[in-house]
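The structure appears right after this line, and notes come after that.
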Amino acid sequence: MMTQAAHRSRTTSTGTKRKVLRGLFLGALLLIGFVLVRTVASSPAPTAAPPAALVAIAETAAERLAGAVRVPTIAHEDPAAFDREAFRDLHAYLNRAFPRVHRALRTETVGEHSLLYTWPGKNASAEPILPMGHLDVVPIEPGTEKQWQQPPFSGRIVDGFIWGRGAIDNKSAVLGILEAVEMLLAEGFTPNRTLYLAFGHDEEVGGTHGARQIAELLKSRGVRLAMVLDEGGVIGDGLLPGVSLPVAMVGIAEKGFATIDLTTKTSGGHSSLPPKQSAVGILSAAIARLEKHQMPARLEAPTRQMLERVAPEFGFANRVVFANLWLTKPLVVRQLEATATTNAMVRTTTAATIFQAGTKDNVLPTQARAAINFRILPGDSVAAVVEHVRRVVNDPRVEVRGGGRFIAEPSAVSSTKSEEFRLLERTIRSTTPGAIVAPYQVVVVTDARYFAALSSNIFRFLPLRLTPVDTARMHGANERVRVKDYEAAIRFYRQLLVNANDHADRQYAALDPQ
Ligand SMILES: [Zn+2]
């Protein structure tokens with residue numbers, strides 16, 4: 001038999017349960033409402049900007065790029081292999097190909113083979129901008145020469161493409177920028193803000209003698225830059241899965257770089273009397289642990305902002321997911337971890353690249369050595385990588401030490417709220433109608449990092465429309481660029497300089513209303 005007290009308490013508890021349920025139901029409704037509102041708010045925004053007048057590009061522009069491709073300015077890991085003549089030839093070639101630039105702009109040779117151009121602006125109070133590129137190209141991997149449909153340094157124009165090493169990376173930027181300036185000079189354009197052009201000669205081997213020297217020279221002159229524009233992202237055509245529109249991927253950050261050396265020393269001996277674990281076994285186990293226990297994945301600002309910008313292009317289900325990252329982040333991160341390309345955007349990656357041990361099949365090696373290359377996500381650091389490796393390897397027999405050619409911390413993340421990002425965005429939209437402009441996490445290192453002390457607006461974007469097939473050719477065989485895409489890149493650079501000038505005008509007017 002139930003006492004009255006018990007009955008009361010059960011009624012009360014039923015009432016509380018109902019209230020809780022009603023609260024949960026209302027909460028769920030609110031949540032769904034909020035998710036839907038966020039989704040709708042992210043619905044396709046008008047990406048149209050008034051298209052820029054289609055400026056005619058001289059037919060000879062493609063031939064000028066082809067001519068630069070013919071000069072084999074190859075970057076070699078071994079400094080002794082450096083070919084001074086090739087770089088001198090390229091300087092002389094640029095001098096001939098762009099006579100107006102070389103008459104009107106101050107040209108300086110920095111670090112012996114890099115170039116710095118200065119086009120002084122009328123308004124000394126407007127901060128200069130600095131588009132940049134690199135003159136060197138990667139070598140042709142031995143054994144792949146025969147795969148080239150056109151010889152790599154022939155600079156042939158066939159089927160509407162300019163073929164050869166450097167046609168994309170990065171002579172398209174160097175020549176594209178010079179074409180734009182040459183055109184503006186012919187039009188009688190005079191800049192309000194000073195324009196610097198910086199072309200390094202050793203980007204592919206670290207940039208320490210080229211871009212770094214240029215940045216130090218400008219710093220010693222007290223220069224502050226409104227904006228730096230280097231290579232990095234491109235106009236992706238099918239580069240982002242599920243997005244059919246072209247996406248101008250503007251690098252707002254780049255990953256860091258560190259190589260950690262692992263060494264194991266043992267007493268060696270005859271292979272007939274092996275210990276339980278040889279140097280090879282000890283080191284292999286350490287590497288296996290590093291591959292299993294990766295640094296944690298997370299969504300940093302560049303990739304989060306990229307997803308938010310492209311979300312409107314996806315189907316409804318994906319839009320719900322990407323427009324509500326505050327809720328769906330763990331799910332999205334797991335999805336991004338699934339492919340190598342997207343995994344690189346969400347974590348510091350671990351790549352075992354060198355393993356050396358042993359000389360004879362019946363001798364135990366006394367030493368095994370491995371190199372593990374890490375690409376460091378903004379938010380992590382070289383020190384955090386070393387700490388992670390020590391913790392995961394956790395074996396006193398394995399010596400862990402930072403090594404490698406060079407070390408770079410991840411860059412700062414440039415803001416997308418700046419006037420300079422908007423300038424870039426406006427320029428991209430007017431020269432590539434229909435493109436989505438999205439921030440992007442650059443997963444390699446670029447020369448732009450040396451300019452970190454000179455500007456907070458560092459953007460990494462090569463205005464070329466590229467498919468996954470094109471990007472695979474960049475350091476591989478059959479590098480080539482479509483003539484019409486190269487012409488569009490020249491239009492972009494020209495429009496950027498014009499827009500930057502208008503912007504300087506407005507800044508100037510704001511300073512002095514008279
Ligand atoms: Zn490059």
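For ligands, and for the atoms within them, numbers begin at 1 and follow the listed sequence.
Annotation: salt bridge (Lys or Arg N to Asp or Glu O under 4.0 Å) contacts of R309 (sequence neighbours excluded): E425. Under the ring pair (Phe, Tyr, Trp, His ring centres under 6.0 Å) criterion, F492 pairs with F461, sequence neighbours left out. With sequence neighbours excluded, no residue forms a ring pair (Phe, Tyr, Trp, His ring centres under 6.0 Å) with H91.
Of all protein N/O/S atoms, those lying under 2.8 Å from the Zn ion (ligand 1) come to 4.
Counting non-hydrogen atoms of other residues, nucleotides and ligands closer than 6.0 Å to NE2 of H475 gives a total above 12.
In this structure, R156 forms no cation-pi arrangement with W163, as its terminal cationic atom is not both closer than 6.0 Å to the ring centre and no more than 45° off the ring axis.
Checked options E187, E182, E179; the residue passing with R494 is E187 (criterion: side chain to side chain donor-acceptor pair (under 3.5 Å)).
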